[in-house]
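Accompanying notes for the structure given below.
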Amino acid sequence: MTFPFEIGGPSFRARQVRSWVFHRFARSFDEMTDLPLGEREQLAQRYPSIRPEPVATWEADGGETRKALFDGSYETVAMRYPDRRTVCVSSQAGCGLGCTFCATGQMGLVRNLTAWEIVSQVLWAARIFAERPTNVVLMGMGEPLANYDHVVGAIRTINDDVGISARKITVSTVGLVPQIERLAAEPFPVTLALSLHAPDDETRSALVPINRRWPVAECVKAVKSFRRAHGRRVTIEYAMIDAVNDAPWQAKRLADLVRGSDIHVNLIPLNPTPGFGVPPSPRVEAFARELRGLGANVTIRDTRGRDIDAACGQLAAEAVARG
Ligand code: SAH
Ligand code: SF4
């Protein structure tokens, strides 16, 4: 990882600084108390902050869920559970893929985040947890595989320097097939999630425009070969949208797609957006039962942080819209 600052001095100085940044989650050189005072002051003056700081933060669930907005345009959510600490990070400010039910998609692409901006979100959460996160999910704003090089650079640093194993890092993709294949060829075994949202091309193309380029069958084939390449079980994400993708026939089609694989289906009750509603929970449960009856592995995702719009780009999208 190349830092956005230069340290100079003897080589152990760089090691000291890296340890402060990656293991003690320092935000500034001022905190690095074992650096000689003169050097520390000089560095702190030249680089007042060493990683992006949020411009606003929110909390929910009695402080167990926290959200941060960076640069007025991208956000991060830190969630503490009894058995794990998960950080949901953004890979882009906005997103250019225009999924119709997604607030981020409606913003358009503002810009790609740098590897350092992605890593810094993990370090922000680590500081909140006062411990390194156990899981990193690239499910914030943006399409990680549309910002491939920065995302892969960030994954390497999160893995090598922060010390979170690749299998605890989940890349969620809308289904950019060539980049899924590229990711399968990388040496680190990240966990992959495919945002499918519909088992039929007609419904999926209306929700996820890029489906016209890489349709359902190709996406599912790509994640199955990713599974073979890395031996990691993949997940299909399925946002449940009222009267759009929640019919029993769609559960059957979805079960057909995953039959014979160990793909895990994660049903996500939609965080409502203009024109799209969440089905009543008995319908979500019936959909899950139907899938299970047909042999699929299914869970319904908990919806942490709903009261602070901690799901999926909602808040930054509003901030950007407000200008
Ligand atoms: N671009 C990537 C990752 C970011 S979105 C992707 O699409 O996979 C993370 C997840 O949130 C995706 O599964 C996405 O489809 C889902 N999502 C987007 N808007 C949502 C909403 N309003 N309610 C619930 N899930 C949503
Ligand atoms: Fe982009 Fe993912 Fe939202 Fe689609 S769902 S617009 S790919 S962030």
Side-chain angles (χ1 to χ4, degrees), residues 73-77 79 86-113 118 121 136-148 150-151 154-155 169-177 179-180 183 190-198 203-214 219-220 222-223 226 234-242 244-246 264-279 284 299-306 308-318 320:
S73 64
Y74 66 96
E75 65 189 24
T76 309
V77 184
M79 290 159 283
T86 300
V87 54
C88 177
V89 309
S90 296
S91 55
Q92 300 179 307
C95 179
L97 293 171
C99 300
T100 50
F101 60 93
C102 170
T104 310
Q106 298 313 300
M107 268 169 83
L109 179 65
V110 178
R111 65 182 179 88
N112 280 330
L113 301 188
I118 298 168
Q121 297 173 66
V136 176
V137 296
L138 283 139
M139 292 186 183
M141 304 176 77
E143 166 53 41
L145 298 186
N147 184 18
Y148 192 91
H150 287 136
V151 164
I155 289 171
I169 304 174
T170 299
V171 174
S172 174
T173 179
V174 72
L176 306 186
V177 168
Q179 283 90 324
I180 294 174
L183 193 66
V190 289
T191 297
L192 187 67
L194 169 69
S195 295
L196 193 68
H197 308 316
T203 312
R204 190 167 193 263
S205 294
L207 296 171
V208 176
I210 199 77
N211 188 65
R212 296 196 183 92
R213 183 97 168 264
W214 293 292
C219 292
V220 173
V223 299
F226 186 94
V234 297
T235 298
I236 280 181
E237 291 165 279
Y238 196 101
M240 297 288 304
I241 310 176
D242 190 29
V244 172
N245 64 0
D246 56 353
H264 181 95
V265 177
N266 197 201
L267 302 177
I268 312 163
L270 188 82
N271 200 11
T273 50
F276 297 93
V278 61
V284 175
T299 48
I300 300 176
R301 182 187 291 174
D302 81 306
T303 48
R304 268 276 186 119
R306 271 290 153 85
I308 52 166
D309 271 338
C312 319
Q314 307 272 306
L315 192 110
E318 273 165 35
V320 166

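First listed ligand is number 1; within each ligand, the first listed atom is number 1.
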Would you indicate whether the side-chain heavy atoms of Leu138 and Ile169 approach each other to under 4.5 Å?
-> yes

Any protein heavy atom < 4.0 Å from atom 2 (Fe) of ligand 2 | no

Report, in ascending order of atom number, the atoms of ligand 1 lying under 4.0 Å from any heavy atom of Cys102.
-> 18 (C), 19 (N)

Does a side-chain heavy-atom distance below 4.5 Å link Val174 with Cys99?
-> yes

Of the side chain and backbone of Phe101, name the one, both, or neither that has a heavy atom under 4.0 Å from an atom of ligand 1.
-> both

Part of Thr173 with heavy atoms under 4.0 Å of ligand 1, whether side chain, backbone, both or neither = backbone

Assess His197 for proximity to ligand 1: is some non-hydrogen atom of it under 4.0 Å away?
-> yes

Do we see a donor-acceptor contact under 3.5 Å between the side chains of Gln179 and Thr173?
-> no

Heavy atoms of other groups near Arg111 CZ, more than 12 under 6.0 Å | yes

What atoms of ligand 1 come within less than 4.0 Å of a heavy atom belonging to Glu143?
-> 1 (N), 2 (C), 6 (C)

Run through Ile118, Val137, Val151 and flag the one making a side chain to side chain contact (heavy atoms under 4.5 Å, CB included) with Val89.
-> Ile118

Numbered atoms and elements of ligand 1 in range of Asn271, under 4.0 angstrom, heavy atoms = 21 (C), 22 (N), 23 (N), 24 (C)

Within 4.0 Å of some non-hydrogen atom of Thr273, the atoms of ligand 1 are 22 (N)

Within-4.5 Å side-chain heavy-atom neighbours: Leu270 and Val244 = no

Please confirm whether Gly140 comes under 4.0 Å of ligand 1, counting heavy atoms of the residue only.
-> yes

Min heavy-atom dist Ala146 to ligand 1 below 4.0 Å = no

Between Asp246 and Tyr238, does a side-chain contact (heavy atoms from CB on, under 4.5 Å) hold up when you go through it step by step?
-> CA-CA 10 Å; Asp246 56 353; Tyr238 196 101; over 6 Å; no

Between Ser91 and Leu113, does a side-chain contact (heavy atoms from CB on, under 4.5 Å) hold up when you go through it step by step?
-> CA-CA 6 Å; Ser91 55; Leu113 301 188; 5.8 Å; no

Using distance alone, decide if ligand 1 has a nitrogen or oxygen within less than 3.5 Å of any nitrogen or oxygen in Gly142.
-> yes

Where is the tightest heavy-atom contact between Val87 and Gln121, given as atom of each residue plus distance?
-> CG2-O, 4.0 Å

Under a 4.5 Å cut-off applied to non-hydrogen side-chain atoms, are Glu143 and Ile210 in contact?
-> no

Given that the side chain starts at C-beta and the backbone is N, CA, C, O, which of these parts of Leu270 lies under 4.0 Å from ligand 1, counting heavy atoms, or is it both or neither?
-> both

What heavy-atom pair brings Val223 and Val234 nearest, and what distance separates the two atoms?
-> O-CG1, 3.9 Å

Sorted by chain and number, protein N/O/S atoms nearer to atom 3 (Fe) of ligand 2 than 2.8 Å are Cys102 SG

Calculate, to the nearest 0.5 Å, the distance between atoms CD1 and OG1 belonging to Ile268 and Thr299 respectively.
-> 9.0 Å

Select one of side chain, backbone, both or neither to describe which atoms of Glu237 lie under 4.0 Å from any atom of ligand 1, heavy atoms only.
-> side chain

